[in-house]
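Following: one structure in structure tokens, then a few remarks.
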Amino acid sequence: MTDLPFWKTTAMKDMTPEQWESLCDNCGRCCLHKLEDEDSGELAYTNVVCRMYDMKACQCSDYKNRRKVVEGCLKLSADFIPVDWLPETCAYKLLDEGKELMEWHPLVSGKKSSLAAAGMSLKGKVLPEDFVEDDELEDHIIAWVK
């Protein structure tokens, strides 16, 4: 018997649905609108968040049905982890690349509050997409997400 946590002993493809979902730290950064440079393919994050994002709860307002409501909302799986699209701190990306989870990740710290304490929450940092026109997105590029 090992004392190692499941994410160190279980391949992502072999995780239970509960284990898989627990990898998400609920930072919401994947819910931010992104712009892709047509020439370089480089992504730029904006401070504009999906309309499904609950600004008070800092999570999707209807996670189960999000893909039915939001065109382009992706479902991650062990076979589909768009590493170029996910922020550097994303647990799915980190594990896919053979890296450790961030020390503030709730699975590591044991506390949901560690996300906010580390300044990783979107609370107070984002605007709902209804407030920003598509042609204004470039004015909302941010540097605090990589």
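Nothing fancy with the numbering, it's 1 onward along the sequence.
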Heavy-atom side-chain proximity of [X] to [Y] below 4.5 angstrom:
X	Y	result
D79	K13	no
C60	N26	no
D14	F6	no
I81	L95	no
L94	H105	no
V49	M55	yes
V48	E136	no
W85	L74	yes

Would you kindly confirm whether [X] and [Y] end up in one hydrophobic cluster when ILVMFWY residues are joined by side chain heavy atoms under 4.5 Å apart?
X	Y	value
L4	M15	no
L76	V70	no
L137	I141	yes
W7	L86	yes

Return yes if some donor-acceptor pair links the side-chain N/O of [X] with the main-chain N/O of [Y] below 3.5 Å, else return no.
X	Y	answer
R29	C90	no
K56	D54	no
K111	P106	no

What distance do [X] atom [atom1] and [Y] atom [atom2] have between them, rounded to the nearest 0.5 Å?
X	Y	atom1	atom2	answer
F131	R51	CZ	CZ	14.5 Å
L43	L35	CG	CG	8.5 Å
E88	E97	CD	CD	6.5 Å
M52	S61	CE	OG	4.0 Å
L32	K125	CG	NZ	10.0 Å

Which heavy atom of [X] sits nearest to which heavy atom of [Y], and what is that distance?
X	Y	value
R66	K75	NH2-CA, 4.0 Å
S22	L107	O-CD1, 3.4 Å
A116	S121	CA-CB, 4.1 Å
Y53	C27	OH-O, 4.1 Å
L122	G28	CD1-O, 3.4 Å
K93	V83	NZ-O, 2.8 Å

- [ ] Step by step, work out the side chain to side chain contact (heavy atoms under 4.5 Å, CB included) result for T89 and W104.
- [x] CA-CA 10 Å; T89 58; W104 47 259; 3.7 Å; yes

TODO: Run the ring-centre check on W20 versus Y92 and record whether the distance is less than 6.0 Å.
DONE: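 Yes.
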
- [ ] Could you give me the CA-CA distance, side-chain angles and deciding distance for M102 and V108, then say whether side chain to side chain contact (heavy atoms under 4.5 Å, CB included) is met?
- [x] CA-CA 7 Å; M102 305 302 289; V108 176; over 6 Å; no

- [ ] Applying side chain to side chain contact (heavy atoms under 4.5 Å, CB included), run through D62 and K68 and close with a yes or a no.
- [x] CA-CA 10 Å; D62 191 2; K68 295 176 188 170; over 6 Å; no

Under 6.0 Å from the [atom1] atom of [X], do we count more than 12 heavy atoms belonging to anything else shown?
X	atom1	value
E21	CD	yes
K99	NZ	no
D134	CG	no

Open item on the list: Walk me through whether L127 and H140 qualify under side chain to side chain contact (heavy atoms under 4.5 Å, CB included).
Closed with: CA-CA 9 Å; L127 299 168; H140 292 273; 3.5 Å; yes

